[in-house]
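For reference, the structure is listed below as structure tokens.
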Amino acid sequence: MSRYNAKTSEPKWQKAWNEAKSFEVDIDPSKAKYYVLEMFPYPSGRIHMGHVRNYAMGDLVARYKRAQGFNVLHPMGWDAFGMPAENAAMEKKVHPGAWTYQNIDAMRAQLKSIGLAIDWSREFATCDPEYYVHEQKMFLDFWEKGLIYRKESKVNWDPVDMTVLANEQVIDGKGWRSGAEVEQRTLAQWFFKITQYSDDLLSALDDLPRWPEKVRVMQKNWIGRSEGLQFGFKISGGAPAAYGDTIDVFTTRPDTLYGASFCAISPDHPLATELAKTSNELASFIKECHQMGTSEEAIEKAEKKGIDTGLTVAHPFDASWQLPVYVANFVLMDYGTGAIFACPAHDQRDLDFARKYDLPVRPVVIPEGEDPATFDVGDEAYVGDGKLANSDFLNGLGVKEGIRAAIEKIESQNMGHGTVQYRLRDWGVSRQRYWGCPIPVIHCQACGAVPVPEADLPVKLPDDVSFDKPGNPLERHPSWKHVACPSCGKEAVRETDTFDTFIDSSWYFARFCDTKAATPTNRDATDYWLPVDQYIGGVEHAILHLLYARFFTRAMKAADHIGLDEPFEGLFTQGMVTHETYRDTKGNNGTWLSPDQIVKRDGKVVHAETGEEVIVGGIEKMSKSKKNTVDPEDMIEQYGADTARWFVLSDSPPERDFEWTEAGIEGAWKFTQRLWRTLVENLDKVAAPDTAAPAASSDAATALRRDTHKAIDGITRDIDNFHFNKAIARIYDFTNKINGAAQKIGSEPSEAFALREALESLVILVAPMMPHLAEEAWGKLGHDQMVVDTPWPKADPDLLVEDKIIMPIQVGGKRRGEIEVAPDEDAKAVEEAALALETVQKAIGGKPVRKVIVVPGRIVNIVV
RNA sequence: GCGGACGUGGCGGAAUUGGUAUACGCAACAGACUUAAAAUCUGUCCCUCGUAAGAGGUUGAGGGUUCGAGUCCCUCCGUCCGCACCA
């Protein structure tokens, strides 16, 4: 029995592709281009199964499109700046740069062993000064274009470690290392004006039909456009002189103004700051509000609390009606005006607050069928549509009309105006960290923030830094930050913050078009290659990364670095790779065990060494902390890259989570061998290469040819639609069909031809998934050229049409029989044939037939 | 808390998008080959009743629309992702 040896074949073909430069591409205007990109990896040290799945999908697309004649760009690089390198520096005393580049070397070797169709000549890492110099240049360009500004903004501060924490480093409101209560602290930071593009980023989503609907919806909600009313409440005396006498509020529900119960301002509102100067109670409340993380989740989940300021404001439609003003922890300074009016009957947060502080709840929107006199909201705010009541001039209007009428009234009183608000905030890009791209700015006492002159770029990170203390090593470096002001020449200091790493990943796809260009982009290259035709990555990036990249592309266009707005024409978001979890029975919850520490024996799961029974936990995302990881390198060593690729593509739909199982990879390995045998053990029966189809065809030959062309047609459509698991099911099916047919096939010329056609088609169809095995088999089939240079087959439409189909017959919706008819058989004839069936007559049982529904080519349903 | 998704046999999933539910694969079971095991090949395999022919039921739960619902609508339950300094 012939066996496929991945160990020898895989390196052989990787070398052959490499030597032939099969995947190195250049601009070629005579060919249609296709740009496939998977989200580039963070160089954590080793690839994980998520990478294998991601790159197996991208590689499938790249090889498939290449076979279809496209000029395919499929590059690879490294998202190399970020916190893990600094954590490693602190824990393992290695330099973040050395750690990162070592990881890149290790991961590159691992990725290469998968046999990906990548143009490695374009590789770069975002921590290369040759890359980030362009990022600094673009920052200066954007600054000049008015897209950048500096403002105060809050960070998570660890008062023990004296350092800024990322949200993920804040656990239950405490610093992850020190355990100290985290505080909010205000710092001056750089911002990109992404909000300048709010409307464009929103409306352009409609022009991205090849993005998943859910991602577009999430982005839409994130941008959060809402129309409403902004108006000023007059404070009725007693306001601090330093503040003024109006509170500006924004509301999307001005129709509910007559249900107003109180006003609430953010703890960071200027009025709150002013009032706190004379009120200890308020000052300590604001301090309490600052004693939590900055994440929206933390703020929203916190119990709704507030302090009555003692001030009141006049209702805009009735100056004698006074509303109390609260400082409330659920009002965000970043959204709208940082102040709201509350209508508890029709907003859940307002209602929770009103119930807690015993404030009036007055329904003004009455649902259909309810009586305004008796309608009460209880503990659930009514947010639906209805008729306005208890609302003076708004009475009887619907919500929509009420909103319009209220805005008109306020406008006519010159108290405010209808306006549009966005939830989207400007993008804060300053990070108080070492391992990132330095922000090219010099701060001068006299001149303020001055851009680093272009000739002095890049501002490189100094290498001689220490991580023995928390905080930013750039800040305490003895010499790095001290420079002369480029403008006046006096002593000045560099900006010691570095960029958010999201900037690095916001334009790398453009750099891949020409990685050697002296400017950020080579316009000839970006004009040819962009947009990315197919972008593939995890859903976890559905909002931030993708939104930032869309904004950055627009900013690059404004600064003339690129000629388009939307970077990614097609997007696919793949699911996670999961695995069962295992724990031993020691201690409270046991300790996590990795899959190679356990054995499945007689239906039980036991510890491989001790033989003790193991607790089998849930199926969860592979993670180091739960030890439920499987190392791709081990799998490739054991089964070969083709088998691993096959398995990650085969079982689950690509957008769904994929469960790695031992049985699954075993099954894939068995199929690899079966496929190989199908291909090589029938070679003595096939026609010589390039034999033309004989004029006459035996029944067996025609049947096999039909199966072949159905497989070509189905697999092509499945790949086009990203249904890789279905394409694979068809390959299983097709392989079974070939094996069945081969047993019956003799030396008759049409059969020998059909068998060659089937085997060659099978090789080309599996090549995007099992490229090494396909090359090996292609050679066995007598070809000198590689499969990688062989065009994708086309299905013959004549072989796809069926001459007879089986039509099910239902009686009252239940299947009672079937008839065999031509696909285009007349409906009348079908009906007669159906009614003539004995089983159908039995089911009708003499009852009168009311109606017969004939769906041509599909089904017949008889209603009795 | 807010926003977005998902739920079909023992398991991963398929269902031409409102038309035969469970394709294909895994696991399991039986048989063949083998001194034996592995591998391979053949067959069985949603559930209940039945020796069988057959009958009835089944797509997280409940309701609705329809000649017909896994697919559309409503309510509920469960799981997962994102929430602006993880990448």
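Lettering of chains follows the sequences in order, A, B, ..., and the numbering in each one begins at 1.
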**Closest to side chain of A/Met576, choosing from B/rC81, B/rC85, B/rG3** =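 Ranking B/rC81, B/rC85, B/rG3 by closest atom to the A/Met576 side chain puts B/rC81 first.
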Using a strict threshold of under 4.0 Å (side-chain N to carboxylate O), is an ion pair present between [Y] and [X]?
X: A/Arg177; Y: A/Asp158; result: no
X: A/Arg423; Y: A/Glu296; result: yes
X: A/Arg253; Y: A/Asp347; result: no
X: A/Lys304; Y: A/Asp352; result: no
X: A/Asp500; Y: A/Arg431; result: yes

Check this one for me: any side-chain N or O of [X] less than 4.0 Å away from OP1 or OP2 of [N]?
X: A/Lys814; N: B/rG57; result: yes
X: A/Asn739; N: B/rC41; result: no
X: A/Arg425; N: B/rA84; result: no
X: A/Ser650; N: B/rG25; result: no
X: A/Arg656; N: B/rG7; result: yes
X: A/Lys670; N: B/rA27; result: yes
X: A/Asn167; N: B/rC83; result: no
X: A/Asn725; N: B/rA14; result: yes

**Message:** Let me spell it out: for each of A/Lys304 and A/Asp733, pick the nucleotide of RNA chain B with the closest heavy atom. Which residue's pick is nearer the 5' end?
**Reply:**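 With A/Lys304 and A/Asp733 compared, the 5'-side residue is A/Lys304.
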Using the [atom1] atom as the reference point in each nucleotide, state the distance between [N] and [M] in Å, no decimals.
N: B/rU44; M: B/rC6; atom1: P; value: 36 Å
N: B/rC45; M: B/rA30; atom1: C1'; value: 11 Å
N: B/rA23; M: B/rG9; atom1: P; value: 13 Å
N: B/rA27; M: B/rU17; atom1: C1'; value: 31 Å
N: B/rA39; M: B/rC73; atom1: P; value: 47 Å
N: B/rG25; M: B/rU35; atom1: C1'; value: 34 Å
N: B/rG50; M: B/rG43; atom1: P; value: 29 Å

**Message:** So, taking the atom named CD in A/Gln432 and the one named OG1 in A/Thr496, what distance separates them when rounded to the nearest 0.5 Å?
**Reply:**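 The OG1 atom of A/Thr496 is 8.0 Å from CD of A/Gln432, to the nearest 0.5 Å.
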**Syn/anti state of B/rG62 by chi, 90° boundary around 0** = anti
For the base of [N], is there a side-chain donor-acceptor partner from [X] under 3.5 Å away?
X: A/Gln189; N: B/rC85; answer: yes
X: A/Arg433; N: B/rC85; answer: yes
X: A/Glu540; N: B/rC86; answer: no
X: A/Glu296; N: B/rC83; answer: no

**Message:** Identify the stems formed by RNA chain B, where each pair is Watson-Crick or G-U wobble with both distances under 3.5 angstrom and a stem is at least 3 consecutive pairs.
**Reply:**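 In RNA chain B, stems of three or more pairs: B:1-7 with B:77-83, B:10-12 with B:24-26, B:28-32 with B:40-44, B:46-49 with B:54-57, B:60-64 with B:72-76.
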**Asked** Using the ring of each side chain (for Trp, its six-membered ring), is A/His545 parallel, tilted or perpendicular to A/Phe502, with breaks at 30° and 60°?
**Response** parallel
